[in-house]
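Just so it is clear, the structure is predicted and the values come from calculations on it, not from any experiment. Naming convention: chains lettered A, B, ... in sequence-line order (proteins, then strands); numbering from 1 in each chain.
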Amino acid sequence: MTITETNETLYSMIYRIRKFEETVLENFPKGVFWGTTHTYIGQEANAVGVLSHLQEDDIVFSNHRSHGHFIAYGGDMSTLFAELMGKPSGVCGGRGGSQHLHWKNFYSNGIQGGIAPIATGMALAEKYKNTGAIAIAFLGDGTFGEGIVYETLNLASLWKAPILFVVENNHIAQTTPENLTIAGKIRDRFSSFGVSVVEMDTSDVLDIYQQAGKSINEVRENKMPYGLVLNTYRFGPHSKGDDTRNPQVLKQIIKTRDPLRIQAERVSVGVRENITKKMDDEVLTAYKEALEAPLFEDIYENSSDDVT
Amino acid sequence: MTITETNETLYSMIYRIRKFEETVLENFPKGVFWGTTHTYIGQEANAVGVLSHLQEDDIVFSNHRSHGHFIAYGGDMSTLFAELMGKPSGVCGGRGGSQHLHWKNFYSNGIQGGIAPIATGMALAEKYKNTGAIAIAFLGDGTFGEGIVYETLNLASLWKAPILFVVENNHIAQTTPENLTIAGKIRDRFSSFGVSVVEMDTSDVLDIYQQAGKSINEVRENKMPYGLVLNTYRFGPHSKGDDTRNPQVLKQIIKTRDPLRIQAERVSVGVRENITKKMDDEVLTAYKEALEAPLFEDIYENSSDDVT
Amino acid sequence: MNTVLESLNRALLNALKTDERVLLMGEDILDPYGGSFKVSKGLSTKFPKRVLTTPISEAGFTGLAAGMAMRGLLPVVEIMFGDFVTLIADQLINHIVKFPWMYNQKVTVPIVIRAPMGGRRGYGPTHSQTLEKLYLGVPGLVVLAPTALGNPGRLLEVAIFQEKRPVLFVENKLLYLSKLFDINSSPDYSLEQIVLKRDHLEKTENYYPYPIYVLKIADAPKCDLTLVTYGYMAEVARNAMLRLAYESEIFVEMIVPTILAPYQCAPVIRSLDKSKRLLVVEEGTLTLGWGAEVITRVVEQLPNRLRAIHRLASKDFPIPASGYLEREFLPNEEDIVAKVRKIMKES
Amino acid sequence: MNTVLESLNRALLNALKTDERVLLMGEDILDPYGGSFKVSKGLSTKFPKRVLTTPISEAGFTGLAAGMAMRGLLPVVEIMFGDFVTLIADQLINHIVKFPWMYNQKVTVPIVIRAPMGGRRGYGPTHSQTLEKLYLGVPGLVVLAPTALGNPGRLLEVAIFQEKRPVLFVENKLLYLSKLFDINSSPDYSLEQIVLKRDHLEKTENYYPYPIYVLKIADAPKCDLTLVTYGYMAEVARNAMLRLAYESEIFVEMIVPTILAPYQCAPVIRSLDKSKRLLVVEEGTLTLGWGAEVITRVVEQLPNRLRAIHRLASKDFPIPASGYLEREFLPNEEDIVAKVRKIMKES
Ligand SMILES: Cc1ncc(C[n+]2csc(CCOP(=O)(O)OP(=O)(O)O)c2C)c(N)n1
Ligand SMILES: Cc1ncc(C[n+]2csc(CCOP(=O)(O)OP(=O)(O)O)c2C)c(N)n1
Ligand SMILES: [Mg+2]
Ligand SMILES: [Mg+2]
C-alpha cells in the first residue's frame, strides 16, 4: 500500500466506526435495539491503528466497548446491527447482544478483566500449535481494578504468551475518573511483571498504527507478551445518556483529540467525500438490512422448544 | 530497653518460636495433632523483628504459616498447641486449627491472598475510628500469584490504609521455586501501585527489627500503606515431609542464614543458657498443659447439639 | 414512599444519618450518577466521606468492607450487577461467613452486600442473571430479598443494624420500579404478615425480624394452590393470581418470604394443609434453585400428602440478549397462569 | 489398578500419551512432588512440556486453560484443594460455561477441572469442604464424580476426550485411597450398571457415557429403601448397607451416579417404585446440596407415592479442624445406619 492508500484506508475505517456508532445512538431511542450499548466514538484510532496489522489467524479479545474493535477486525456491520436488535441474523443469533460477540477469531465478553486469561490461553494454544498466530486483548483503565488482570500478566510473562495487551486509557470508568480507580501508573504495572510496555498519548491513528505495528511484530517475533497503553478519550456517554463529565471540558477535548478530524487532514477533500458517501451508504444499507431481517417472532410461533 | 536487653528479648523470642515448632514437628508423628501444619523454622527473625514494634491495638493478619506470627504477637503457646490438637481449650476452641487463628487483634486464614483486603479494611476502620492502630499483613512470595493481592494494593493505596504488607519471600511456594511463580520483581509490584517498599535480604533480626521499626512508624505517622519485602528461607518442609529441595543446598543456606545462630552471637553464653532453659521449660510446660487439657470427648457424651 | 427504589434509597439515607458506623461502598455510586440503578442517589452529596466509590474490584472492596465490619463499622456494599457476585465467592464463602464460627464466635462480620439481580432488560448473558442460588446453601450467610408487599427499606435497615451475620441483600432490577403494595387500595387481596420464631440454634433473640407475607384473594372461597415466590416474581405472580381467580375461579395463596436463607418453610407447610398443591416460582435458573430446597423441606415433612409439586423458573441456559428469547427463557405472568391451570387440571 | 488414585493417575498418563492436545495444569504438580494428592505423580517427568506447574492463581490459570480449550487443546486443570473453586466462580460461570451457548454454539470449551474435595483429615474450615453444590445448578456445566464402584480413570478419560462441554471433575480426598470395587470378590453385593439415554436437548450423541451404578445386597429378599449418593460417601454407605442387612435385615438399594449434573434421576425413580423410601446422602452441607435437586425431581414426578424422604449431609456449618468436631459434623457410617433404622421404624 502507498502512504496515501494507507491514509485513506485508515480514514475510512475510522469513519465507518464513527458512523456505525452514531447510527446506534441515533436509533436507540426508537426502540429498535435491545438492552444497552457502549459506543466507541472518540477512540476509533485505537482499534483501527492496532487491528490494521492483523493476520488471518490472529485472535482479538474485546470487552464491553466492542463495536469499534469488531468493525476494525472486519466484522460485518449488518450482523452487528442485527445482534443489537436481538435478531436471529445477528452475529451470535441475538443471544449475545452488544457485549458478547464472536465471529471468526474475534471474541468479546462483558465481564471486566475476565477476558484477559482467556485471551492469554488462546495465545499460548496458538504458540503450542505453532500456527504463528498471536492474540490481542483490549482492556480499559477501570478494568485494572480487577485482580485477574494481574494473575494474567504474571502467567503471560512466565509462560511467554504471544499476546499484546492494549490498554485504552480513556481516563474514566463508567462515571469514575482515573484518579479514583488507579493508584500509581498502569504502565508500571506491566513492567512490574516483566512485561515491556509502550505508552502513547495521541489520537492520531498514524502514530498508533506505526507503534502498534512494531509492538505486534515484537509479539510475533519474540513470542512474548507486550503492553501498549493508549491514552485516549471517550467522546460520548458510557452507555446512553450517562455522561457526568463537564461538557465544557469534554468539548475542549473533542476539539483537539478527534481521530476522525486528525486523520481527515491526510486525505484529499475529494477522496474524503467519496469515502464519506460510500461509508454512509454502507452503514445505512447494513442498518436497513438488519432492520428488515426477520424477528424471532416471525420464525417461531409460540414454540420455545426449538429455541434452545 | 538497653541494647543488651533488646538483643536478649529478640533472641529469646526467636528461640521460643523455634522450640515451639520443633516440638510440633517432633510430636506430629505421635498422632497428637490434627490435620497438617506449616512451620516457621528459619523465618523467625521476620515475625520477631516486625512484631516487636506492635502497640496494644495494632492488628496482625497472618496466613497458613502462622505459628511464628502468633507467638511473636504474644499468643499463648499452650492454647496454640491445644488448637493444633483440636481441643476445646485451643485458641479457637479447636474449630480453626493451625491455619485459622484469632486472639485479641491477631487473625489468620488459610486461603492465600484473601486476607489482604480484610486486613486493609481493618486498618481503614481503625483510621476511621481514629484509634491510631495500624495493621500488619503477612504474605508469602507464592501468594503474589493471587489477583486479590493487587486489588488490595490498589485500594490500600487509593484510600491510604495504614497497613504494612510484610512479604516473606522464602523463594518457594510449597514445592515451587520463585522463578516459576513470579515474573518481574515483587518489590516493583508495590511501587507500581504507588506503595513505597523496602526490600531486605537478611536473617539478622536486628536489621529487620530496625527497618521494621521505621516502616511501622511511617505507616503510623503517614497513615498510608507501605511494603516490606523480607528475603528469607524456610528451613523445613512446607508442611510435613514434603520438602523437594536439594538437601545440600538447603544445608548451605541454613549455615549462613540461621536467625537463631546469628542473634545468638549478640547474647552472652550465660544468658543464652538461661534463656534456652527457660524457653525449653515454657514450651514443654505449654505442650504438657495442652496435652492434659480435656478432649471434646471428655466434655460431650454423644451429644452433638451442644457442639453447634 | 412510592417505589421499592425510593424505599431503599431512603433507608440508606436514614442509616447514614442515624449512625456514623454506616459506610457505603460500590462502583460508580457517587452523585450525580448515584449508582447504576440509582439506589445511592443523593447520598454521596450528603455524606461524602462515608459514600465511597470503588475501583472495579468486587472481591477487593467486599473483603475490605468485611475487615471494616470486623472492626466495628457497618459497611453496605453494592455489587453493581448481581452477575458479579461470582467474583466475591471466595471472600464470601472462605472468609466472611467462616470467620464468626471458626474464630469460635469471637467476631461478627455485620456486612450487607446488596446485589441487583434479574433480567428482562435485554442486557444479555452477563448482566441479567439471578445468581443468589449460588449462596443460599452457604452456612452462616443470611440472604434477604425485599418485596413490594412489605417495606423494603425497613428490611434493609434491619439488615444493617440488627443482623449481626453477613447478609446478601438481593434486589431485582424490575422490582426497583414497582410501587409499594397498599392493601387499602387493593380490595381484591387480603394480606397477612407472619413473623417466625427463631430456631433453637440462634439463642440471642426470639423472633426473626424478617416477615413472611401471605397474599390471598379477598374472600377466597377455597385455597387451590400454594404459590411460593419472592422478590419481583411476587409482583408478577400477584397479577397472575388475580387472573386465575377471575378467569378460572382458581384461588391461589401466595407466600412471599423476605428471608431466603436460612430457609423458613413453616408458613408454606401450613398453607399446603389446605391446598395440597405446591408451585414454587423463581427467576433464577431451574436446577438447584431456591425452590429445590423449599420443596425438599416440605416433602421431608409431608412425604405423601401433596397432590402436586411443581416449579417454574428460568430455563437452564444463559440469559439471551434478544428480547424475544429472553421472554421465552424467563418465567412470566402468562407462564404462571398456564402452569397453575395445568396443575389444576392434572391433580 | 488398585486404588482410585492409581486409576486416575494412570488415566492422565494415558491421556498425555495418546493425544498431544492434552495438557495438565495446576499448583505444585511437578515431580518429584506430583501434586498435593499425587494424582499427577510421574507425569511431569514423562511429559515435561505438557505438565505445567502454575503460580497460585486459580482464576488465572483456569481462564487460561479455557482459552486453550477454545483453540483446540484439551487442558486438564487441578484445583489443589476443592475449597478453592470459589476463586474460579467467575471464570466458570460468566465465561467458560457461557461461551458455547452465547456464541451461538460456534465454540466449545472442552476443559476438565479436577477438584479434590472433602474432609476427615482435620484440615479445618478452608481445606475440607465439599463445594461442588455451588456449581450443580450452573447451566452448561457437567459435574462428574468418580466412584470406586466403577472405573474412575475411564470416567476421567471420557471427560477429557468425549465430553465437549466444560467439566468439573469432583474427587474426594479419602476416595483416593479406596480400593476399586471388585464384584467378583464381594459376594455380599450385586452390582448393576445403567447407561441412560441423553435427553432431547443434546442431539449429537445418544447415550451419556456416564454410568449410574446400582448396588444391592446379593439375593436381597426385598427392597426397603433407596439410598442415593456419590463419590466417597458411596464407600461409607456400602459398609452401612451390609450392616443394615446383617444386623437388622433392612435391605437398601444404593444408586451411585457418576454424573451429578445435569441430573439423571430415572434410576432413582425406578428404584423407589419398589422401596417407597428415599434417603440421599452427601458429604456437602445440607442446605441446597445435591440431594435437594434429586429429591425435588423425584417428588415432581411422584408427589404422593413415597413413605419417607430424607437427607443425610454435613451440618450447615463450616468444617471444624478438631477431629472430634469434624466427626460430629460430617455424615459417617454410623449415621447412615442409624438414619435408615429410624426411617424404617417411622414409615
Ligand atoms: C466485573 C465487572 N464489574 C463491573 C462491570 C460494570 N462495568 C461495565 S463497563 C465499566 C467501566 C469500565 O471502565 P474501563 O475499563 O475504563 O472501560 P471503558 O468503559 O472506559 O471503555 C463497568 C464498571 C462489569 N462489566 N464487570
Ligand atoms: C487460594 C489458595 N491456593 C492454594 C493454597 C495451597 N497452599 C497453601 S500454602 C501454599 C504455598 C504458599 O506459598 P507462599 O505464599 O510463598 O508462602 P510460604 O508457604 O512459602 O510461607 C499453597 C499453594 C491455598 N492455601 N490457598
Ligand atoms: Mg475507561
Ligand atoms: Mg514462599
Select one option (side chain, backbone, both, neither) describing which atoms of [X] are under 4.5 Å from chain D's heavy atoms.
{"X": "B/Gln174", "result": "both"}
{"X": "B/Asn109", "result": "side chain"}
{"X": "B/Glu146", "result": "both"}

Taking every heavy-atom pair that is under 4.5 Å apart, which of [options] has the most such pairs with chain B?
{"options": "D/Leu30, D/Ile56, D/Thr54", "answer": "D/Ile56"}
{"options": "D/Pro320, D/Gly60, D/Pro125", "answer": "D/Pro125"}
{"options": "D/Pro32, D/Ala59, D/Pro55, D/Gly124", "answer": "D/Pro55"}

Exercise for the section: Could you look at D/Arg120 and say if it's the side chain, the backbone, both or neither that has a heavy atom under 4.5 Å from chain B? Expected result: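 Neither; nothing under 4.5 Å.
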Fill in the blank from the handout: Applying a strict 4.5 Å limit to non-hydrogen atoms, the region of D/Phe81 in contact with chain B is neither
Exercise for the section: Would you mind checking if D/Arg243 and D/Glu333 are paired as a salt bridge, meaning a charged N to carboxylate O distance below 4.0 Å? Expected result: yes
Handout entry: Close aromatic pair by centroid cut-off 6.0 Å: B/Tyr107 and B/His100
Key = no
Problem - Aromatic ring proximity, centroids under 6.0 angstrom, B/Phe138 and B/Phe61 - result: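 B/Phe61 vs B/Phe138: aromatic centres not under 6.0 Å.
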Pick whichever of [options] has the most heavy-atom pairs under 4.5 Å with chain D.
{"options": "B/Gly145, B/Gly114, B/Gly97, B/Ala183", "value": "B/Gly145"}
{"options": "B/Asp242, B/Thr175, B/Thr181, B/Thr176", "value": "B/Thr175"}
{"options": "B/Gly142, B/Gly90, B/Ser239", "value": "B/Gly142"}

Exercise for the section: Give a yes or no answer on whether the side chain of D/Asp31 reaches the backbone of D/Tyr33 with a donor-acceptor pair at less than 3.5 Å. Expected result: no
Practice task
Give a yes or no on whether the backbone of B/Ile172 and the side-chain of B/Asp141 come within a donor-acceptor separation of less than 3.5 Å.
Solution key: yes
Exercise for the section: Please work out which of the three classes, parallel, tilted or perpendicular, describes the rings of D/Tyr123 and D/Phe37, given edges at 30° and 60°. Expected result: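 It falls in the tilted class, 30° to 60°.
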Problem - Distance under 6.0 Å and angle within 45° of ring axis: B/Lys87 vs D/Tyr324 - result: no
Exercise for the section: Taking the side chain as every heavy atom from C-beta outward, state whether D/Asn2 and D/Glu6 have any atom pair closer than 4.5 Å. Expected result: yes
